[in-house]
Amino acid sequence: MKYYERMKEKFEKLKDKKDVLILSIESSCDETSVAVVKNGREVLSNIIATQIEIHRRFGGVVPEVASRNHITAIYNIFNEAISQAGITKEQIDAVAVTYGAGLMGALLVGVNFAKGLAYSLDVPLIAVSHVYGHISANYISHLSLTPPFICLMVSGGHTAILKVESYNKMKLIGTTVDDAVGEAFDKVARVLGLPYPGGPEIDKLAKEGQNTFKFTVSNSLKNTFNFSFSGIKTEVVNLVHNASQKGKEINKADLACSFQECVTEELSSKAVRACKTYEINKLVVAGGVGANSRLKEKLGKICQENNIEFFSPVLKYCTDNSAMIGSMAYYMIKDGIGLAPLSLTAKPNVELGCDKI
């Protein structure tokens with residue numbers, strides 16, 4: 001019997017298995033990560049090899065460099081994850097992997113390793129969206145959290161508001177019409193001469209400044225749940241370049257603070273308005289920008305004022321990691337979706353939400 005046909009039978013049995021051990025792999029950008037997750041909530045191991053110092057000299061992630069470093073790291077990371085979890089390879093019930101979204105070459109390293117591993121262990125292969133994995137980071141941070149809730153997705157590649165109706169049913173309420181918020185943070189950081197990754201550097205510098213520059217976001221989107229960050233990014237870039245040409249000094253801390261205040265206000269106000277509109281009193285933030293201290297502070301305050309429960313992942317699960325992929329895979333298995341054939345390949349882009357509202 002061919003692999004995929006055998007896996008259909010095993011996959012079906014996993015739906016009713018009391019304890020499910022999932023080995024998960026994440027390699028969408030510049031972190032190589034392997035984790036072992038039990039029943040979607042208990043993290044037995046979560047090993048991450050970061051490439052930040054490698055890419056910092058280039059001012060951003062170089063795809064070819066990222067791919068090569070994933071190749072050299074992944075086998076050792078896998079062995080470390082198994083060892084730290086205190087299990088044997090034979091105890092693994094399924095292998096989950098991020099198939100998209102992300103850098104094509106980087107994704108392929110994880111996908112191909114996962115396919116080989118799943119085949120050699122004769123266990124099901126589960127294809128997981130990196131974006132939905134970020135949502136699941138909250139399940140391992142908050143063990144009592146269950147859908148439905150509104151999710152504010154904020155990362156380097158995505159900015160969106162999702163209505164999460166169940167673990168695997170989500171509707172897209174709003175999204176960015178141009179730049180993702182993480183991308184805007186990185187570009188502003190670059191023009192201010194801050195090192196990669198830019199988001200944490202903006203956050204740190206903003207604490208030293210005042211909100212003295214008055215930036216705006218697109219007024220044409222104010223009655224929607226969509227976002228636009230291209231305009232404010234261009235405003236900052238032009239302001240810095242014009243000042244430089246005139247030989248004027250700009251207070252970078254004030255500029256960082258003003259940019260961050262404008263962006264976080266737009267994100268938090270629309271996220272809470274979505275909760276009110278859809279009468280859902282739980283708000284979840286997901287993605288790397290969810291680590292931003294000012295965004296969490298604003299969301300926490302505005303949620304408290306509006307009697308909305310606020311959830312955000314603990315810091316180590318905000319950025320890319322494989323534990324969140326293992327968590328998402330568990331709920332996919334329980335709903336009978338996600339089983340992948342050995343022909344699985346990577347996708348640089350994935351759709352958000354089953355439907356648009």
Side-chain angles (χ1 to χ4, degrees), residues 101 129-138 145-185 187-188 199 215-235 259-292 294-313 318 349-357:
S129 162
H130 174 81
V131 184
Y132 293 159
H134 272 304
I135 297 175
S136 294
N138 283 279
L145 175 64
T146 57
F149 52 77
I150 295 294
C151 176
L152 175 64
M153 174 62 62
V154 280
S155 68
H158 297 86
T159 303
I161 299 177
L162 294 155
K163 182 185 178 188
V164 181
E165 298 179 344
S166 67
Y167 289 107
N168 290 292
K169 186 178 181 183
M170 308 171 201
K171 290 183 178 179
L172 182 63
I173 296 173
T175 188
T176 178
V177 299
D178 42 56
D179 291 351
V181 65
E183 181 184 355
F185 266 95
K187 287 181 178 177
V188 167
F215 296 117
T216 58
V217 292
S218 176
N219 283 329
S220 65
L221 301 175
K222 67 179 181 180
N223 294 322
T224 75
F225 292 111
N226 291 330
F227 301 96
S228 172
F229 297 113
S230 177
I232 185 174
K233 175 201 69 179
T234 303
E235 268 192 89
F259 165 77
Q260 182 169 269
E261 282 297 311
C262 180
V263 168
T264 54
E265 180 62 30
E266 176 75 352
L267 291 168
S268 56
S269 61
K270 286 191 173 179
V272 168
R273 180 154 59 84
C275 288
K276 289 180 167 182
T277 300
Y278 294 99
E279 298 181 337
I280 296 175
N281 70 342
K282 284 189 282 190
L283 175 63
V284 165
V285 67
V289 182
N292 181 275
R294 185 59 176 143
L295 178 60
K296 287 194 290 187
E297 181 184 1
K298 279 193 174 183
L299 285 171
K301 183 181 178 185
I302 195 171
C303 282
Q304 187 176 34
E305 292 170 349
N306 289 275
N307 199 28
I308 296 168
E309 288 187 88
F310 173 57
F311 301 87
S312 66
C318 280
N349 299 297
V350 295
E351 286 191 24
L352 281 176
C354 304
D355 305 292
K356 290 185 180 179
I357 295 178

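When side chains are defined from C-beta on, F310 counts as touching V285, because their heavy atoms get closer than 4.5 Å. In this structure the side chain of L267 reaches within 4.5 angstrom of the side chain of T159, judged on heavy atoms. Side chains of V284 and V164 form no contact here, defined as non-hydrogen atoms less than 4.5 Å apart. Counting heavy atoms from C-beta on, the side chains of K282 and L145 come closer than 4.5 Å. Between F215 and V263 there is no side-chain heavy-atom pair separated by less than 4.5 Å. With contacts defined as side-chain heavy-atom distances shorter than 4.5 Å, the pair I150/K163 qualifies. Side-chain contact between L152 and K270 is absent, with no heavy atoms from C-beta onward closer than 4.5 Å.
No donor-acceptor distance shorter than 3.5 angstrom exists from the side chain of N281 to the backbone of C275, with no hydrogens or angles considered.
Atom-to-atom distance recorded for M170:CE and S129:OG is 8.0 Å, nearest 0.5 angstrom. Rounded to the nearest 0.5 Å, atoms CD (E265) and CD1 (I302) are 6.5 Å apart. Interatomic distance, E235 CD to S230 OG, rounded to the nearest 0.5 Å: 10.5 Å. Note that the CD atom of E165 and the OH atom of Y278 stand 10.0 Å from one another [nearest 0.5 Å]. With rounding to the nearest 0.5 angstrom, the SG atom of C303 is 10.0 Å from the CZ atom of F311. Separation of atoms CD1 (I161) and OG1 (T176) is listed at 11.5 Å; rounding is to 0.5 Å.
Sorted by first and then second residue, the salt bridge (charged side-chain N to carboxylate O under 4.0 Å, His left out) pairs with a member in residues 215-234 read D179-K233; sequence neighbours excluded.
Relative ring orientation between H134 and H130 is described as perpendicular, the plane-to-plane angle rising above 60° on a 0-90° scale split at 30° and 60°. Ring planes of F185 and F259: perpendicular class, angle over 60° (limits at 30 and 60°).
In this view, R294 and E261, E297 satisfy the salt bridge (Lys or Arg N to Asp or Glu O under 4.0 Å) rule, not counting sequence neighbours.
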Evaluate the criterion side chain to side chain contact (heavy atoms under 4.5 Å, CB included) for residue pair F149 and I135; output intermediate values, then yes/no.
-> CA-CA 11 Å; F149 52 77; I135 297 175; 3.9 Å; yes

Go through the steps for T175 and H158 under the test side chain to side chain contact (heavy atoms under 4.5 Å, CB included), then give the verdict.
-> CA-CA 8 Å; T175 188; H158 297 86; over 6 Å; no

Derivation and outcome, side chain to side chain contact (heavy atoms under 4.5 Å, CB included), residues C262 and I232 = CA-CA 9 Å; C262 180; I232 185 174; 3.6 Å; yes

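Across T216, V217, V181, a single residue satisfies side-chain contact (heavy atoms from CB on, under 4.5 Å) together with E266, and that is V217.
The nearest pair of heavy atoms linking A184 to F229 is CB-CB, 4.0 Å. Between V272 and N306, the shortest heavy-atom contact is CG1-ND2, 3.9 Å.
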